[in-house]
Protein chains: 2
Amino acid sequence: MKLNKKVEYALMALKHFSELDHQEGTVQSTVSAKDIAEANHSPAEVTARVLQTLSSHGILKAEYGLHGGYRLVKDLAKVSVYDLVNIIEGSTDLAKCISDKECDLLKKCKIVSPVENLNKKVQNFYKSISVEEVFHV
Amino acid sequence: MKLNKKVEYALMALKHFSELDHQEGTVQSTVSAKDIAEANHSPAEVTARVLQTLSSHGILKAEYGLHGGYRLVKDLAKVSVYDLVNIIEGSTDLAKCISDKECDLLKKCKIVSPVENLNKKVQNFYKSISVEEVFHV
DNA sequence: CAATATCCGACTAATTTTGTCGCCTTTTGT
DNA sequence: ACAAAAGGCGACAAAATTAGTCGGATATTG
């Protein structure tokens with residue numbers, strides 16, 4: 001039931017981007033992975049990987065080169081916690097058995113549908129919360 | 001964000017108990033840890049431990065001896081998913097830092113209150129779902 | 001008093017999470 | 001042209017957590 005570090009780093013990074021104020025009509029400047037990591041005291045390599053993942057999913061946009069880095073390109077009001085966790089962790093399933101075709105136990109067990117039921121409720125809940133909403137306490 | 005095995009075993013066990021039909025006004029018969037484990041194909045020792053935990057928290061009642069075992073003594077409509085996870089896992093915190101006084105990172109980081117905020121929302125959600133509700137798909 | 005239960009501490013094994021390293025490609029400034 | 005700074009990515013190593021096992025103690029019943 002815990003958030004993992006990568007999701008935390010992603011949240012920290014997104015918060016960093018969301019706090020950059022930038023002029024109306026201008027393009028927000030880029031921030032390098034290194035700078036994000038330093039600002040958040042998060043390990044550089046891991047942070048870089050997280051940013052790459054966010055970039056490959058269209059939340060950030062990456063730019064190569066000397067003054068490269070990342071830029072926020074998606075409205076965080078339109079990114080749900082569900083989206084974020086799926087992007088970073090790859091799944092929001094409550095139990096492995098839900099996607100696991102080889103689970104002997106759960107084929108026999110009586111709780112597959114109850115767990116699937118709970119799973120849907122939880123996922124819908126996470127879908128209902130945007131990242132922006134999380135930041136505005 | 002995943003349920004761990006112990007919680008799954010607990011759900012399976014509770015479902016087992018909830019399906020024992022028993023006469024109005026009579027005491028529900030006991031089921032041993034061994035029987036529960038066999039019925040659910042769950043490892044005996046771990047299952048036993050889970051049942052002990054449920055027992056020490058007043059959800060089941062244990063009886064020693066030859067015809068001993070466990071008996072459901074709490075209305076599952078009054079046990080929330082939040083309760084269950086807390087009993088089995090000891091915590092429902094989304095991030096370690098929330099209870100961890102020694103987290104250097106999070107003292108400096110910008111997302112403690114956002115994460116606490118999200119944490120409360122999630123916990124309230126889990127409080128709103130009873131175990132009985134999970135079983136009645 | 002033997003059989004069958006729960007109870008519980010300590011331990012091991014397996015898995016997952018977390019972080020690191022090395023090397024690659026792309027872009028920019030000099 | 002080319003060095004420096006940036007992202008991209010596969011493979012690996014370390015740490016932490018989760019899952020499961022073992023041994024023995026206590027309680028109850030026939």
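Naming: A, B, ... by sequence-line order, numbering from 1 per chain.
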Phosphate OP1/OP2 of C/dG29 contacted by A/H67 side-chain N/O (<4.0 Å): yes

Below 4.0 Å: OP1/OP2 of C/dG19 and any side-chain N or O of A/Y9: yes

5' priority, DNA chain C, between A/A44 and B/Y64 [closest heavy atom]: B/Y64

Members of residues 46-63 of chain B that approach DNA chain D, where some heavy atom sits under 4.0 Å away: B/V46

Closest-nucleotide ordering on DNA chain D, the 5'-leading residue of B/E89 and B/G65: B/E89

Atom pair NZ (B/K61) and CG (B/L54), whose distance is rounded to the nearest 0.5 Å: 15.0 Å

Spatial distance of atom CZ (B/F17) from atom CG (B/L60) [nearest 0.5 Å]: 5.0 Å

Tell me: [atom1] of [X] to [atom2] of [N], nearest whole Å?
{"X": "B/K2", "N": "D/dA19", "atom1": "NZ", "atom2": "C1'", "value": "16 Å"}
{"X": "A/L66", "N": "C/dT25", "atom1": "CG", "atom2": "C1'", "value": "15 Å"}
{"X": "A/E45", "N": "D/dA14", "atom1": "CD", "atom2": "P", "value": "16 Å"}
{"X": "A/N40", "N": "C/dG19", "atom1": "CG", "atom2": "C1'", "value": "17 Å"}
{"X": "A/K5", "N": "D/dA16", "atom1": "NZ", "atom2": "C1'", "value": "11 Å"}
{"X": "A/H41", "N": "C/dG19", "atom1": "NE2", "atom2": "P", "value": "15 Å"}
{"X": "A/Y70", "N": "D/dA5", "atom1": "OH", "atom2": "P", "value": "17 Å"}
{"X": "A/E8", "N": "C/dT18", "atom1": "CD", "atom2": "C1'", "value": "12 Å"}

Student check: side-chain heavy atoms of A/Y126 and B/V122 closer than 4.5 Å: yes

Shortest side-chain distance from B/S32, nucleotide among D/dT29, C/dT6, D/dT21: C/dT6

Check: A/S80/A/S130 side-chain N/O donor and acceptor closer than 3.5 Å: no

For A/V115 against A/A95, the heavy-atom pair lying closest together: CG1-CB, 4.1 Å

A/I87 versus A/T53, closest heavy-atom pair with distance: O-CG2, 3.6 Å

Verdict with supporting geometry, B/E45 and B/K34, salt bridge (charged side-chain N to carboxylate O under 4.0 Å, His left out): CA-CA 9 Å; B/E45 305 290 342; B/K34 199 180 153 210; over 6 Å; no

